[in-house]
Each structure stands twice: as structure tokens, then as C-alpha cells.
Amino acid sequence: MALLYAFLVILAFIALFLYSIYIPLPDELDGRWRLQIIEPILRLVHEYPARIIELIYGPEARNKYTRRLFDLAKQPKCPKTITIVTDDYDGVPVRVYIPQQADNKGAIVYIHGGGFAVMNPKAYDGMIFALMKRLKMPVISVDYRLAPEHKFPAAIDDCESAIVHLMEYKCKELNVDPSKVVVMGDSAGGNLSAVVAQRLKRRTDVKFQPKVQVLIYPFIQCVDMQLPSYQLYAKKYNFTALLDPRSMARWTLLYLGIPATWSNIDKMTRNEHVTRTVREKAPFANHLSHKKLPASFLHDDLYDGPHSPNGDSKLCADLEPFMFNPDFSPIMATDLKGLPSAFVVTCGWDILRDDGVLYAKRLEEQGVTVNWVDYPSAIHGVVQDCVNELANHMCNSIGILQQSAPPCGFGSNGAQALEQEEQALLFSQLIARTAKDIETLVDSLPAEEQNRSEQDAHMGQLEVDNQEAAKRLEGVVDDGQRLLEKIQSALADIAAVQMSTRPQF
């Protein structure tokens, strides 16, 4: 009897403990019940111990603890169809994934996420294996230097050096066409990908530019940390182990070499790190206007409008040199014209959702071809979850659209495609058929005609030079129009099958 009593007391204690740490996740999340089990475990293993470490030893010690945990994560075994080699590109370590048989002459440079301070290329093995099922081309993952040991702009310099070295010296070795190199990254890696694409556009000493930039829930700015996606976190899943504003603020401060004290972190999350005058300064205020976001993001019960409090003078002075530096905040660049076509992926339950949307909109305004796909039920980091059906579909979609240059359209909804596995398969088949026609036409065009904005500029020059060249380009435009009609037809078929709800700007 005493033993039974002790058992019941222990059971009650466990139940009380589990109840005390239980935070309900939104019903709309993909794989909610699985996440509901994993999320409190992550808090117990990472968040709570990390807070104690930070309190005693400081933010840098906390960051080291986070790194160790990520290093313990087990990655899937490399498929027999892929060979992995480590190399050195202009002094930058890289992890090269080589398919047994490549389908084309392209290559992807992958820049991993991790808040500029954690993670490494190996942590993305599973995601890259999934991507290479669709895209049988080499992938070069850059092992850039991490903060806080190596502060801004060390990571950017490494990524830029590796990409230039690949395009100028390593493409022949990998049997890659340097004009078909794609730069791709997620989260902080999305930031670095966008920045490197801008840097290379400004350079006059490089022969080639990336063909496409793929930005997966990219970190684009931290001027406004009260965007609707940040407010959504505070009201629907605050204090969970999902990517939170405090972690983003901490990593940003470590990256920039500014003291990552609890006080500074709290001020950033309250938007007290930038003065009201600076935040409302034109034209930068327009770049981050909440009015540019889809109306569906501005829920009346979950959105309180823009927050522009008076900033802390010391923190504002420390951060101001970076807030409008395009090497840190790529959305603040004054000229985005001529950048590679962009494929931007965002997730509905992610504080960085609005960063990606606003940058996609800004690129579109500057004449860059953009395809934005939103997954309303997904969370930040989903592409690394190899057992998640949504993650597999996302990788498949990236692969499909990667093959079809230029990207097809602006604004689509990816999550609805996974209501049934058959729908995802049909999605793949429909686009793949169109992509094959696209590849045939695009490969037949001169390199300068693949980008529509460059084509228009080139046409204008040729009209001045001679009328015959202008007529030739008019024929190319007609071919391009027929191509767009094919894409629109395929997307209409997809919409009919998937019943996708497309966000409207």
C-alpha cells in the first residue's frame, strides 16, 4: 500500500511538472502534435539550461552551449549516389556534394543558417540530400567563420570569396557552367546570400554573376522588430522553443560586436534600439511599411500596428551604423536593379516571415523577377526536418522552380499542397513538364537575354545601333510571352488541384 501511495505521489508530481511547462502551440501548425512533444523537450534541454549559463557566464558561453547541442544532432547517412568532399576555396573551407550523375551544368552554393553564430555545413546534410533528389547538380556548402569570434563582415567576406573562387577557378573541375551558379541560403544564410548577390552585382572585376538567388525565410533587417510576424509570436506562441525575438536580437548583437546584455536584448525586442527619427526616415520607412504586407497578415486581434518608441541613446548609437548598411540589411540598398532572379520562401509561423515578404516586394519594385512562396502552417527551420512531409515538399518545390529560370510569378501558397500526398505528386509532375519546356527555350537564348530586365535594356541599345537587331529581340520577347503563358496555364492547373489560397499584396 505504501508503495502504491509513493507511486501515485511520483506520478502526480510528474503530471504537475509537465503541466507547468506545457505551452499550447497554435492549431494551425503543420505536425502540431509532434511539435507539441518536441518543443518542451527542446526547452528543457536547451532553453532553460542556456539561460542559466548566460546568467552565470554570459552570452558567449550560452552560444557555445548551443553550438555543442547542434553538433550532437545526428544526420542521415550519405546516399550512394552522392560523394562528399571537403575543399578550400580561396582560404574558405567548403563541403562539396557531388552527384554520381549530374543532369545539367548548374551548381548551388549553399550558405547555412544559424544566426551567424551557430551551425555548420554538416548540419544541413539531410536537407541537401533531399534537395539533390530533385536537382542532380553539385552543391557547395560554405563553412564561413562564425560570430562572436569573427564579427561582421567576416561571414560575408568568406561567402563572397568562395563563390567568386568557384565561378572563376573550380567550375571546370566540377563540370559546371559558371553562368549557371545559384546562391542559396536559409535564415542568416538567406541574409548572406542576398548580401553576396548585391556585392557581386556592384563588382566590375568578376566575369560571372549568380543566375538565381534562393532565399529561405531570410533575415533581412532588424530596424523593426515589431513587424506583424513578431507580434504574432508574442500573442500566439510566446516563450516556446521556436525561433524567438530574444534569440534573434542576441545573435544580431554577437554578430555586430555589440554587448549582448539582457538589457540590450530586451530593448531590441521592444524596438528601442533605433530612434524614432531614424526609423521614420524616408525612403527607408517605406521599405518596411506594414501596409506592403498581405492583408491576411494584419489580423485585428493579433496585430497592434507599428511600434515606434523613443530609443535608448547608447544602444541606438551603437547600432545605427549597421541599420542602413546593405551589407547587414540588404533591403536598405538604394539600387537593386539587375540582381539575379529571386525565389523567396517564407513560413507562416516564423518571426522572419515579414522580412522575406518585404524584401521580395522590394525586389519586385526594382524590376527583379521574383517568385515568393509562403507556407502558412510551417515554422522556422522546417527545411532541416527531413522526416517532415512539408519539408520534403518544400525541398521538392525549390528543386522544381530552380530548374525553371526565370521563376514563375509572384506570390503563392505552398502549404495547401500537402493535404494529400497525391496532390504533392501531381504538383511535381505538372511543373516538371513545364520546366522541361522552359529549360529547352532558356538554354537556346543568349546569356544576356535570360534576364528580362537585362533583355529590355539590351533591346533599347540595339534599336539605337540597328533595326535588324531590334527585330531579332522582338522575336525573343514573343517567345518569352509564350513561355509565360505556359507557366500561367500550369499554375492554373495547380490551383485547381490544390485549392491554394494565394496571398494578395
Show me the donor-acceptor pairs within less than 3.5 Å that the side chains of residues 77-93 make with the rest of the protein, sequence neighbours left out.
from, atom 1, to, atom 2, distance (Å)
Asp87, OD2, Lys170, NZ, 3.3
Asp88, OD1, Gly91, N, 2.7

Can I get a per-line list of side-chain donor-acceptor pairs under 3.5 Å for residues 151-169, giving both atom names and the distance, sequence neighbours left out?
from, atom 1, to, atom 2, distance (Å)
Lys151, NZ, Pro148, O, 2.9
Asp157, OD1, Arg199, NH1, 2.8
Asp157, OD1, Arg199, NH2, 3.3
Asp158, OD1, Arg145, NE, 3.2
Asp158, OD1, Arg145, NH2, 3.0
Asp158, OD2, Arg145, N, 3.0
Asp158, OD2, Arg145, NE, 2.9
Glu160, OE1, Arg199, NH1, 2.6
Glu160, OE2, Arg203, NH1, 3.0
Ser161, OG, Asp157, O, 2.9

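Across all non-hydrogen atoms, the minimal contact from Pro138 to Val176 is CG-CG2, 4.0 Å. Across all their heavy atoms, Ile98 and Val96 have their closest contact at CG1-CG1, 3.7 Å. Closest approach of Ser187 to Gly113, counting heavy atoms only: CB-CA, 4.3 Å. The shortest non-hydrogen separation linking Leu35 to Pro40 is O-CD, 4.3 Å. What you find for Ile216 and Tyr110 is that their closest heavy atoms are CD1-OH, 4.3 Å. Heavy atoms only, all atoms of each residue included: Ala378 and Cys347 are closest at O-CB, 3.4 Å.
The number of heavy atoms from other shown groups lying within 6.0 Å of NZ (Lys64) does not exceed 12.
The backbone N or O of Ala241 sits less than 3.5 Å from a side-chain atom of Glu39, completing a donor-acceptor pair. Remark: side-chain polar atoms of Tyr124 are not paired, donor with acceptor, to backbone N or O of Val383 under 3.5 angstrom. With Gln198 contributing its side chain and Pro330 its backbone, the two residues share a donor-acceptor pair below 3.5 Å. Checking side-chain atoms of Gln213 against main-chain N and O of Val182 turns up no donor-acceptor pair under 3.5 Å. Between the Tyr217 side chain and the Gly381 main chain, a donor and an acceptor come within less than 3.5 Å of each other. Looking at Gln231, its side chain does come within 3.5 Å of a backbone N or O of Gln226 through a donor-acceptor pair. Without hydrogens or angle criteria, Trp349 side chain to Pro376 main chain gives a donor-acceptor distance under 3.5 Å. Of the possible polar contacts, one joining the Ser329 side chain to the Met323 backbone as a donor-acceptor pair under 3.5 Å is found. At distances below 3.5 Å, at least one donor-acceptor pair connects side-chain atoms of Gln75 with backbone N or O atoms of Ala123. No donor-acceptor pair closer than 3.5 Å links the side chain of Gln209 to the backbone N or O of Leu339.
Every residue meeting the salt bridge (Lys or Arg N to Asp or Glu O under 4.0 Å) condition with Glu149, not counting sequence neighbours, appears here in chain and number order: Arg67.
One side chain, Asn120 or Asp71, offers a donor N or O that lies under 3.5 Å from an acceptor on the other. At a cut-off of 3.5 Å, with distance as the only test, a side-chain donor of Trp251 or Asn63 sits close to an acceptor on the other residue.
Ring pair Tyr144/His112: centre-to-centre distance below 6.0 Å.
Taking the six-membered ring where tryptophan is involved, the planes of Phe219 and Phe116 are perpendicular, since the angle between them exceeds 60° and thus also 30°.
Tyr97 has its side chain out of reach of Ile108: every pair of non-hydrogen atoms, C-beta onward, lies at least 4.5 Å apart. Contact annotation: the side chain of Ile128 approaches that of Met132 to within less than 4.5 Å [non-hydrogen atoms, C-beta and beyond].
Under the 4.0 Å criterion applied to side-chain N and carboxylate O atoms, Lys292 and Glu364 are not assigned as salt-bridge partners. Between Arg43 and Asp244, no side-chain nitrogen of the basic residue sits less than 4.0 Å from a carboxylate oxygen of the acidic one, so the salt-bridge criterion is not met. In this structure, Arg95 pairs ionically with Asp125, as a charged nitrogen and a carboxylate oxygen lie closer than 4.0 Å. Taking 4.0 Å as the cut-off between side-chain N and carboxylate O, Arg51 and Glu47 count as a salt-bridged pair.
Within the model, atoms CG of Asp143 and CE of Met119 stand 12.0 Å from one another, a figure rounded to the nearest 0.5 Å. One distance of note links OH of Tyr359 with CD of Gln221; it measures 12.5 Å at 0.5 Å rounding. Rounded to the nearest 0.5 angstrom, His46 NE2 and Leu42 CG are separated by 9.0 Å. In this structure, CD on Gln366 lies 8.0 Å from OG1 on Thr334, to the nearest 0.5 angstrom. Here the straight-line distance linking atom CG of Asp350 with atom OG1 of Thr346 works out to 8.0 Å at 0.5 Å rounding. Separating the CG atom in Asp327 from the CG atom in Leu192 is a distance of 10.0 Å, to the nearest 0.5 Å.
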Applying side chain to side chain contact (heavy atoms under 4.5 Å, CB included) to Glu54 and Ile265, what does each step give before you reach the verdict?
CA-CA 13 Å; Glu54 184 178 15; Ile265 291 170; 4.0 Å; yes
